[in-house]
There are 2 protein chains.
Amino acid sequence: MDGIRQVRMDEEEARRRILDAAERLFYARGIQAVGMDQIRDAAGVSLKRLYQCYASKDALVEAYLEHRDRRWNDALADHLGRVGEPCERMLAVFGFLAEWFGTADFRGCSFINAFGELGPASPPVAAAARAHKRTLRERLRTLAAEAGAADPDVLADQLLLLVEGAIVAAAMGTAADPAERARSAARALLDAATAPDHTLVSRQSHP
Amino acid sequence: MDGIRQVRMDEEEARRRILDAAERLFYARGIQAVGMDQIRDAAGVSLKRLYQCYASKDALVEAYLEHRDRRWNDALADHLGRVGEPCERMLAVFGFLAEWFGTADFRGCSFINAFGELGPASPPVAAAARAHKRTLRERLRTLAAEAGAADPDVLADQLLLLVEGAIVAAAMGTAADPAERARSAARALLDAATAPDHTLVSRQSHP
DNA sequence: CGTCGAGGAAAACGCTCGTTCTCTACGATA
DNA sequence: TATCGTAGAGAACGAGCGTTTTCCTCGACG
């Protein structure tokens with residue numbers, strides 16, 4: 001049984017190292033630009049092992065996106081969990097972005113990148129990207145509702161636009177301090193969406 | 001000289017057809033996923049001709065991005081040129097987006113896609129993408145200033161985030177009617193940026 | 001009419017990549 | 001100790017790609 005156990009641990013360790021290497025390389029250089037040989041080298045395993053852990057490159061790509069989705073959501077939830085006041089918690093999304101943008105290996109959103117690269121040519125990638133963004137939108141909707149927005153769906157969509165835009169702008173370096181700009185915009189939108197007595201705010205302005 | 005002229009016209013025609021085919025294919029399927037053979041087939045020229053018009057695939061990619069930059073900027077300028085009132089002209093950017101998003105072959109922003117795909121692996125592509133976005137930001141700054149924003153730079157950055165976010169959301173289908181959501185957000189930001197004081201006094205600037 | 005140069009079709013070349021196969025080494029077990 | 005199954009290293013394979021070359025055709029010009 002010791003033998004079996006040791007084999008199992010090795011397989012787990014191999015899977016972990018492969019996924020780590022794949023995540024690093026795919027995120028840094030894109031999916032098509034990274035070969036299985038490079039992943040093998042970076043993970044320090046044999047090709048045989050690689051293919052017995054992940055049956056194909058497509059399977060590894062799916063695992064990569066799934067893992068990234070989970071880590072990103074967990075990190076965001078952790079960041080938001082430390083904020084009590086609802087309005088501040090909503091705005092804390094942009095504090096989370098600012099931290100993320102500052103990391104050394106930041107290269108934009110894996111899902112936007114993967115979707116732009118493979119697009120509708122790879123239905124699994126497209127589905128993973130849409131699922132990731134749907135989760136994000138749902139979270140923003142909850143935050144908007146808790147912050148007292150009159151129409152949480154509209155504010156959630158607007159916040160989503162700011163988040164996506166900030167990520168893209170940060171990746172390309174097209175706007176100065178995009179997280180802070182997005183945060184101030186979000187505050188203005190929240191103010192407008194919670195203003196008690198104004199009919200000219202942003203809900204369905206013109207039919 | 002007739003001979004010379006005819007050769008020249010053929011070369012121009014060939015360049016036009018090659019660039020058209022490359023633009024369509026690169027935009028629809030991504031750059032790495034499209035081979036020179038497919039471009040040759042779609043353009044209806046020979047490989048020899050293709051390579052004497054564009055010395056390499058990289059050169060063709062650059063021409064593709066350049067052409068798309070020019071066409072996109074021209075189309076936007078044309079759309080904005082029909083609007084006289086400054087605030088409405090600024091908001092007309094989002095009407096332009098709505099029209100664009102509705103086109104049959106819409107697949108997001110070529111520059112965001114190309115940047116996400118090749119990223120820093122291809123400095124010319126990265127430079128073209130940044131230049132495109134810089135031009136857009138400059139135009140937004142002008143529109144923001146003309147609309148009376150207190151700080152046109154900040155509003156320009158925020159509008160840029162909304163535009164990029166709307167494009168990404170439209171491409172991935174993650175938000176409902178992203179152009180309209182961005183437009184209403186822009187209106188709220190403009191109101192906040194032109195309000196004489198920080199209170200939420202209503203301004204009847206928009207019908 | 002014979003020659004020549006340009007142009008098109010397609011083969012060829014060299015390379016990369018995803019995936020599989022071969023060969024060798026080694027550790028566990030009877 | 002002899003054997004067997006497994007793992008690792010790397011060659012091998014087949015496909016695709018960017019690019020070049022070959023071969024053939026054809027029209028212009030002396």
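Naming convention: chains lettered A, B, ... in sequence-line order (proteins, then strands); numbering from 1 in each chain.
Distance A/R29 CZ to C/dC17 P: 11 Å, rounded to the nearest Å. In this structure, CG of A/D37 is placed 15 Å from C1' of D/dG8, rounded to the nearest angstrom. Taking atom CZ on B/R49 and atom P on C/dA9, their separation rounds to 11 Å, with Å as the unit. To the nearest angstrom, P of C/dC17 lies 12 Å from CG of A/L25. Between the P atom of C/dC15 and the CE atom of B/M36 lies a distance of 19 Å, rounded to the nearest Å. Between the P atom of C/dG18 and the CG atom of A/L60 lies a distance of 10 Å, rounded to the nearest Å. Straight-line distance from the CD atom of B/Q32 to the P atom of C/dC17: 10 Å, rounded to whole Å. For the pair A/L50 CG and C/dC17 P, the computed distance is 15 Å after rounding to whole Å.
Annotation: cation-pi geometry satisfied between B/R68 and B/Y27 (NZ/CZ under 6.0 angstrom from ring centroid, within 45° of ring axis).
In this structure, B/F101 and B/F106 have tilted ring planes: the angle between them lies in the 30° to 60° band.
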*asked:* Return a single string for nucleotides 9-16 of chain D, one symbol per nucleotide in 5' to 3' order, where B is base contact, S is sugar-phosphate-only contact and - is none, cutoff 4.0 angstrom on heavy atoms.
replied: --------
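Checking D/dA7, C/dT19, D/dT19 against every side-chain atom of B/Y51, the shortest atom distance belongs to D/dT19.
Over its full length, the helix from C/dC1-D/dG30 to C/dA30-D/dT1 turns its helical axis through 30°, comparing axes from the five pairs at each end and rounding to 10°.
Contact detail for B/S46 and B/R40: the closest heavy-atom pair is C-CG, 4.0 Å.
The 12-atom threshold is not exceeded at CD of B/E66, counting heavy atoms of other residues, nucleotides or ligands nearer than 6.0 Å.
Aromatic ring centres of B/W100 and B/F94: separated by at least 6.0 Å.
Shown are A/L136, A/V168, A/V163, A/I167; of these, the side chain to side chain contact (heavy atoms under 4.5 Å, CB included) with A/C109 is made only by A/I167.
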